[in-house]
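The structure under discussion appears below in the form of structure tokens.
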Amino acid sequence: MKKILIVEDDDDYRKLLARKLNKSGYMTFSSTNGQEALRFLKKKTVDLIVLDLIMKKMNGLEFYEKIEKETNKETPILILSNIQLSNINELVTKPQIEGYLIKANTSLAKVIDKIESVLLN
Amino acid sequence: MANPHAIKKRLAGLISVLNKVAGGDLSQNIRLAKTKDEFTPLYVGLRRVIEAMRHQIVRTELINKRKSQFFTTAAHELRTPLGNMRWSLETILDDESANLSENAKIILYQAYDSSIRMTQLVNDLLTVSKLEEGYFVEGKKLIDICDVIRKTVALFSSDAKKKSVTLKLLIPKNKHCKRLMEPFFFSEAINNILSNAIKYSKMQGTVEIAVEKTRRTIKLRISDTGIGIPKNEQPNIFTKFFRATNAKKHTKQGTGLGLYIVREYIKKWGGRIWFVSKIHKGSTFFVEIPLQ
Ligand SMILES: Nc1ncnc2c1ncn2[C@@H]1O[C@H](COP(=O)(O)OP(=O)(O)O)[C@@H](O)[C@H]1O
Ligand SMILES: [Mg+2]
């Protein structure tokens with residue numbers, strides 16, 4: 001069973017996504033900010049990270065800056081946020097970052113499609 | 001300064017600088033002569049005008065940047081509750097154990113559709129105001145157009161499946177279609193055309209995306225076997241908020257802003273978009289973008 005870490009501070013979004021992922025046959029873990037996620041990844045390994053951007057304590061981009069150095073992990077990351085940064089294009093060409101979806105613009109079914117295709121590669 | 005020849009020469013110099021400034025070149029540095037004469041106030045004045053214009057440009061850039069940041073934040077704030085609604089409704093509608101009555105399902109679907117429509121409206125209105133206010137904020141990058149198309153098309157597989165629509169992608173293999181452009185805007189443009197093709201498809205239809213690269217241009221053809229566009233309404237479909245009568249009957253989903261946005265983007269890239277369509281038979285949209 002593939003393992004997915006959801007890094008998301010909004011309880012509703014996190015629970016809805018976890019539920020959908022579980023139903024689709026994935027095992028999920030949750031962190032509510034970048035710091036928690038880093039701590040988690042120092043101990044455990046997952047197949048994919050779903051990453052929100054705007055979070056207190058440590059936001060998604062800060063987390064991304066640190067993941068390589070602090071955990072030595074090259075886990076693929078799917079950014080899932082409601083903010084549409086103007087440098088999306090730069091972000092998605094960076095190592096590990098496999099995509100950038102806007103939550104409100106994307107159905108849960110489409111999120112699953114995307115995750116499946118990332119995990120296939 | 002009695003020498004008419006000298007006066008003529010200096011006037012010519014001034015006029016040339018003025019013309020450059022009028023043409024938007026503010027890099028002119030006005031040097032003042034060591035000795036004052038009748039021309040000095042003119043030079044001083046011109047120098048002040050150029051400085052004021054430079055200042056204005058810096059200010060405008062700052063204001064645009066602030067506005068753009070405001071839009072980004074406002075959009076985020078609007079999307080957060082809308083997305084929550086969308087995912088919540090999708091979840092309950094997907095949940096077989098919820099045992100919803102048919103009537104409850106219909107009503108929840110209405111709410112679900114409305115949440116999507118509202119989100120689309122928020123997105124489209126933001127894009128339109130950005131386009132019209134003239135701050136095309138995303139940076140340009142050398143991208144592989146074919147690659148962006150492949151990724152965008154892949155995102156539609158579940159939508160197509162839902163309507164049993166066959167999605168065909170004909171794209172040259174191993175060909176690079178590199179161009180300097182805004183990748184997110186480009187995928188948004190493709191997204192708008194493709195979402196129309198699927199949305200206005202009938203069940204079991206076919207949507208075909210063909211990409212052709214010539215030496216100087218990239219050509220896209222997106223065709224569907226859907227509802228088509230009535231002949232008398234065809235001239236209007238790129239107009240803001242316009243939706244054809246048969247489209248409105250077919251689905252409530254739509255803002256009428258999608259094609260307007262697409263055309264504005266394509267214009268900025270120096271390309272063009274056109275279409276042929278036959279009611280009840282289908283539509284084909286053509287896009288041509290120079291690879292510069
Ligand atoms: N593939 C298509 N098939 C039929 N009609 C289309 C198609 N694409 C666009 N149209 C027509 O053009 C109108 C404008 O398109 P668009 O700006 O994308 O608005 P909408 O939000 O309604 O999809 C649509 O409402 C529809 O009438
Ligand atoms: Mg549309």
Side-chain angles (χ1 to χ4, degrees), chain A residues 6 8-25 50 52-56 59-61 78-94 97-121, chain B residues 65 68-69 71-73 75-96 112 115-116 118-120 122-123 126-127 130 135-144 147-148 150-151 154-159 161-162 181-188 191:
Chain A
I6 306 171
E8 164 68 75
D9 62 341
D10 185 306
D11 290 352
D12 295 349
Y13 275 113
R14 199 179 54 248
K15 284 180 192 153
L16 289 166
L17 181 60
R19 186 190 157 113
K20 178 75 181 181
L21 284 166
N22 295 149
K23 269 192 144 181
S24 311
V50 177
D52 183 25
L53 291 182
I54 311 288
M55 291 178 293
K56 293 206 184 86
N59 71 37
L61 294 181
L78 171 64
I79 296 176
L80 192 58
S81 172
N82 269 321
I83 195 136
Q84 189 167 340
L85 297 178
S86 52
N87 63 341
I88 285 185
N89 52 327
E90 267 170 57
L91 279 174
V92 293
T93 56
K94 288 192 174 179
I97 298 191
E98 296 294 327
Y100 189 141
L101 298 176
I102 307 285
K103 284 182 272 194
N105 298 357
T106 319
S107 64
L108 283 166
K110 271 199 190 175
V111 175
I112 300 291
D113 281 356
K114 178 73 189 179
I115 287 175
E116 262 166 23
S117 83
V118 171
L119 288 175
L120 266 180
N121 293 330
Chain B
K65 205 172 150 203
S68 165
Q69 275 165 357
F71 275 126
T72 306
T73 313
H76 174 259
E77 294 307 308
L78 287 163
R79 283 190 199 112
T80 299
L82 285 168
N84 186 326
M85 241 155 84
R86 177 180 191 163
W87 284 12
S88 301
L89 290 163
E90 185 185 351
T91 302
I92 193 80
L93 281 163
D94 253 8
D95 184 356
E96 267 125 48
Y112 178 69
S115 75
I116 296 176
M118 183 78 183
T119 309
Q120 197 55 52
V122 166
N123 290 336
L126 278 161
T127 306
K130 277 187 188 171
Y135 39 93
F136 211 41
V137 280
E138 193 188 4
K140 284 190 179 158
K141 256 199 82 185
L142 195 65
I143 58 160
D144 187 342
D147 203 42
V148 177
R150 267 188 218 104
K151 286 188 179 142
L155 276 179
F156 280 95
S157 59
S158 68
D159 281 358
K161 226 185 279 168
K162 245 184 261 164
M181 68 201 305
E182 299 82 351
F184 197 78
F185 292 155
F186 181 66
S187 67
E188 203 179 327
N191 192 81

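Small disclaimer: the values here were computed from a predicted structure and weren't measured.
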Self-check item: A:Asn82 backbone acceptor or donor facing B:Arg79 side chain under 3.5 Å
Solution: yes

Self-check item: Partner chain B: residue of A:Leu101, A:Thr106, A:Thr93 with the largest heavy-atom pair count (under 4.5 Å)
Solution: A:Thr106

Quiz item: Do B:Leu126 and A:Gln84 come within less than 4.5 Å of each other through their side chains, counting heavy atoms only?
Solution: no

Quiz item: Which residues from residues 113-120 of chain A are near chain B, with near meaning under 4.5 Å between non-hydrogen atoms?
Solution: A:Asp113, A:Lys114

Self-check item: Residues forming a side chain to side chain donor-acceptor pair (under 3.5 Å) with B:Asp94, sequence neighbours excluded
Solution: A:Lys20

Practice problem: Sequence neighbours left out, what passes side chain to side chain donor-acceptor pair (under 3.5 Å) with B:Thr127? Give chain and number order. | Solution: B:Glu188

Quiz item: Between A:Tyr13 and B:Thr80, is there a donor-acceptor pair closer than 3.5 Å when you use the side chain of the first and the backbone of the second?
Solution: yes

Self-check item: Atom group of B:Ser88 that falls short of 4.5 Å from chain A, counting heavy atoms
Solution: both

Exercise. Starting at NZ of A:Lys23, measure out to OG1 of B:Thr91 and round the result to the nearest 0.5 Å.
Key: 8.0 Å

Quiz item: What part of B:Asn123 is in contact with chain A, defined as an atom under 4.5 angstrom from a non-hydrogen atom: side chain, backbone, both or neither?
Solution: side chain

Practice problem: Inspect the surroundings of NZ in B:Lys151 and state if more than 12 heavy atoms from other residues, nucleotides or ligands are less than 6.0 Å away. | Solution: no

Quiz item: Looking at A:Ile54, A:Asn105, A:Val111, A:Ile112, which has the largest count of heavy-atom pairs under 4.5 Å with chain B?
Solution: A:Asn105

Quiz item: Taking atom NZ of A:Lys110 and atom CD of B:Glu90, what is their separation to the nearest 0.5 Å?
Solution: 10.5 Å

Practice problem: Applying salt bridge (charged side-chain N to carboxylate O under 4.0 Å, His left out), name anything that partners B:Lys65, two or more places apart in sequence or on another chain. | Solution: none

Self-check item: chain A contacts, top residue of B:Leu82, B:Asp95, B:Val122, B:Thr73 (heavy-atom pairs, under 4.5 Å)
Solution: B:Asp95

